[in-house]
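Here is the structure we will look at.
When a residue number appears, it is its place in the shown sequence, counting from 1.
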Amino acid sequence: MALIVVGVSHATAPIEAREKLAFRPWEALQSLGRLREQGVIREGVVLSTCNRTEIYAVEDDETAAARISSLLSERLGGDAAGFVYIKHDRDAATHLFGVAAGLDSMILGEAQIQGQVKSAWEECRAQSGPIVNRLFQNALLAASRAREETGIGRGAASVSSAAVQLAKKIFGGLAGRRAMILGAGDVAELALECLLAEGVRVAIVANRTHERAQILAARHGATAMHYDQCWDALRDVDLLICSTSSPHPVVSVERVRTAVEARGDRPLCILDIALPRDVEAAVGDLDNVFLYDLDGLRAAAAANLERREENIPAARAIIAAEVQKYWDWVAGLAAVPVVREFREEMDRLRSTELAAALRRLGPLSPEQAESIEHFSKSLMNKFLHEPSVRLRAAAANGRGLGVVDAARYLFGLERKESEAGEREPTDIA
């Protein structure tokens, strides 16, 4: 087997590419199902967040990584190779464990990513399987340990809080300001909490589903507004934070221009923390409008980085230990069937040669025949003990599972499988 991850992130691709590569849950299931039907992968999960799109899979074909990369290129509408990274086996596991712990986030140690990893796994369960399920389960465990046992998540900023801090710098403080949040999901709620903590005087929540806006507003003492009414409110607010799940921009140049003309010289700060983006890029060209998207938050996020960087080594040590546990499990899962097939094949040869030897020896007493058979089994077990132990150990030594495939080749096990038909269901090597 090969465990692989093929993906892009904020570190490799600009927001213009990431928003085209983002998957909605139904698209993720559809794409994984197509890859499985084509015999490219055996199981998989798509992790798609505001800062990354990654496909974790157990390949069923050696061209799987290239095929998945081609799938991303199709979504991008061009060659995605310049943005894509591919990791295999233990490196793929280590990558996911680090992602879940927030070590690969734009905001180091952000807490939201752990929940996003869990949601991605749950949404793709129809296309995942034992290897990937265990991978995500262990990744979430490693992330929890890293947060509990180190300071990597202590006081760590989120995308929402980084956006609010950026607005605070722009205005020199947010106390008494008026703000509106477009969206009513978890990211929007966190942004609302951060705004209120900074002393924002009026906070307005607008959402396509008014009931959700009302629930969120009531929970935090804010004001809910119908989606169709919120555009007029742009004339009065100082700050707009956008975090909807719309696949297309909802804040158009025309809507903002109308509001800006009625504002006079008062600046309007718009923070677009959605992916795909909620705000048309041309909005940033309007006078007195300061527009920032996710990539624009990098500088604000960097300011809080140093306080958490010292916890990275301890977090990575925890992740390495948890990856080792996972890889030991994977290696054992792959090696056990090979050891069994190896021993079965050797026992078949032993029985054949023993029968031929007994024929040559002529008549023997039952005791003599039993002694010779016991000797043959004992000798075979002694010969096979060390290779069996080493095969299990070597599969987990960090070189991937190539040694398992080598054992299949050396002892002709792949030929026996071909002759027998299908591979054992539990065999992942």
Side-chain angles (χ1 to χ4, degrees), residues 15-16 19-20 22-27 48 50 159-160 163-164 166-167 170-171 174 176-196 198 200-294 296-297:
I15 193 168
E16 293 81 6
E19 64 185 359
K20 293 179 181 178
F23 283 78
R24 284 171 285 183
W26 66 268
E27 291 177 316
S48 185
C50 60
V159 170
S160 299
V164 172
L166 177 58
I170 292 173
F171 289 108
L174 294 178
R177 296 285 180 176
R178 298 170 60 91
M180 180 165 67
I181 296 176
L182 199 57
D186 292 341
V187 174
E189 181 167 17
L190 184 55
L192 176 57
E193 292 173 352
C194 294
L195 287 171
L196 295 174
E198 292 293 337
V200 169
R201 181 165 55 90
V202 177
I204 302 169
V205 180
N207 193 62
R208 286 189 183 276
T209 305
H210 187 58
E211 183 180 0
R212 291 183 62 185
Q214 287 180 311
I215 293 172
L216 180 57
R219 188 182 299 154
H220 297 282
T223 302
M225 180 174 288
H226 284 282
Y227 181 77
D228 293 335
Q229 299 173 334
C230 71
W231 310 114
D232 288 338
L234 283 179
R235 301 175 181 180
D236 302 316
V237 301
D238 302 298
L239 171 65
L240 171 65
I241 296 183
C242 304
S243 178
T244 79
S245 56
S246 172
H248 308 291
V250 294
V251 182
S252 66
V253 173
E254 290 73 20
R255 283 172 167 165
V256 178
R257 179 183 288 117
T258 300
V260 168
E261 290 174 353
R263 293 174 62 86
D265 294 330
R266 290 185 299 114
L268 173 64
C269 178
I270 302 178
L271 302 175
D272 186 357
I273 56 177
L275 192 87
R277 286 173 290 179
D278 280 338
V279 185
E280 291 181 348
V283 168
D285 297 329
L286 297 174
D287 291 339
N288 289 321
V289 174
F290 300 88
L291 172 63
Y292 296 86
D293 58 25
L294 284 165
L297 293 176

Least distance between heavy atoms, Phe171 atom then Pro267 atom: CE2-CG, 4.3 Å

Any donor-acceptor N/O pair, Asp278 side chain to Pro249 backbone, under 3.5 Å: no

Atom pair CD1/SG of Ile241 and Cys269 - distance to nearest 0.5 Å: 8.0 Å

Worked verdict on Glu198 versus Arg177 for side-chain contact (heavy atoms from CB on, under 4.5 Å): CA-CA 9 Å; Glu198 292 293 337; Arg177 296 285 180 176; over 6 Å; no

Side chains of Tyr292 and Asp272 in contact at under 4.5 Å (non-hydrogen atoms): no

Donor-acceptor pair, side chain of Glu280 and main chain of Val253, under 3.5 angstrom: yes

Leu195: which of Leu190, Ile181, Val202 passes side chain to side chain contact (heavy atoms under 4.5 Å, CB included): Ile181

Donor-acceptor under 3.5 Å (Arg178 side chain, Val237 main chain): no

Shortest non-hydrogen contact between Ser160 and Ala191, atoms and distance: CB-N, 3.6 Å

Asp232, CG: over 12 other non-hydrogen atoms inside 6.0 angstrom: yes

Polar side-chain atom of Thr209 near backbone of Glu211 as donor-acceptor pair, under 3.5 Å: no

Under 3.5 Å: donor-acceptor pair, side chain of Arg263, backbone of Leu234: yes

Test side chain to side chain donor-acceptor pair (under 3.5 Å) applied to Arg235 - qualifying residues, sequence neighbours left out: none

Exercise: identify the closest heavy-atom pair between Ile273 and Ser243: CG1-CB, 4.0 Å

Residue that, paired with Leu182, satisfies side chain to side chain contact (heavy atoms under 4.5 Å, CB included) out of Val205, Ile204, Val250: Val250

Salt-bridge present (Asp293, Arg277; N to O < 4.0 Å): yes

Minimum heavy-atom distance Cys230-Ala206, with the two atoms named: CB-CB, 3.7 Å

For the student: nearest non-hydrogen atoms of Ala281 and Leu291, plus distance: O-CD2, 4.0 Å

Verdict with supporting geometry, Cys242 and Val251, side-chain contact (heavy atoms from CB on, under 4.5 Å): CA-CA 9 Å; Cys242 304; Val251 182; 3.9 Å; yes

